[in-house]
Amino acid sequence: MEQRITLITLGVSDLARSKAFYEALGWRGQEVQETVFFQAGGLGLVLWSRRGWGSHRRPR
C-alpha cells in the first residue's frame, strides 16, 4: 500500500499573517470562519486560528 499525505492542518497564532505568507507564495486560500483552506495539487493545507483554544490544547 502506497502511503500519502493529503491534508495538513496547522494551528497558527496570527491567521492573517500566515494567510499572507502562503498567498505570497502564489497559493490562493479560501477563508471560512477562523480557518483558511489552501489546495496545492493533491495536497490540502488548513490554517486554524489558535485564538480561543483552551490552554489544554496548546502545545507545551
Side-chain angles (χ1 to χ4, degrees):
M1 178 178 181
E2 184 180 344
Q3 297 179 6
R4 298 181 199 162
I5 295 176
T6 56
L7 180 66
I8 297 174
T9 60
L10 297 175
V12 297
S13 58
D14 188 334
L15 188 61
R17 183 175 172 196
S18 298
K19 178 184 177 196
F21 172 82
Y22 287 100
E23 287 178 339
L25 296 176
W27 295 22
R28 296 185 59 153
Q30 172 89 26
E31 214 166 322
V32 178
Q33 294 179 349
E34 290 196 28
T35 62
V36 180
F37 295 84
F38 291 95
Q39 184 82 32
L43 175 69
L45 174 67
V46 183
L47 303 176
W48 296 82
S49 175
R50 291 191 304 193
R51 186 179 325 135
W53 282 15
S55 61
H56 64 284
R57 288 190 171 177
R58 291 194 181 150
R60 297 179 190 258

Please name the pair of heavy atoms, one in [X] and one in [Y], separated by the smallest distance, quoted to 0.1 Å.
| X | Y | answer |
| --- | --- | --- |
| Gly11 | Arg50 | C-CG, 3.6 Å |
| Val46 | Leu7 | CG2-CD1, 3.7 Å |
| Phe38 | Glu23 | CE2-CG, 4.2 Å |
| Val36 | Gly29 | CG1-CA, 4.0 Å |

Donor-acceptor contact present, side-chain Glu2 to main-chain Arg4, <3.5 Å
no
### Message
Check whether Thr35 reaches the backbone of Val32 with its side chain - one donor and one acceptor, N or O, closer than 3.5 Å.
### Response
yes
Discussion item. A side-chain contact here means heavy atoms from C-beta on lying under 4.5 Å apart; do Thr9 and Trp48 qualify?
Written reply: yes
- Does Lys19 come within less than 4.0 Å of Glu31, counting only side-chain N to carboxylate O? yes
Exercise for review: Could you please spell out the steps behind the side-chain contact (heavy atoms from CB on, under 4.5 Å) verdict for Phe37 and Leu47?
Suggested key: CA-CA 7 Å; Phe37 295 84; Leu47 303 176; over 6 Å; no
Check: Crowded around Leu25 CG? As in, over 12 foreign heavy atoms under 6.0 Å?
Finding: yes
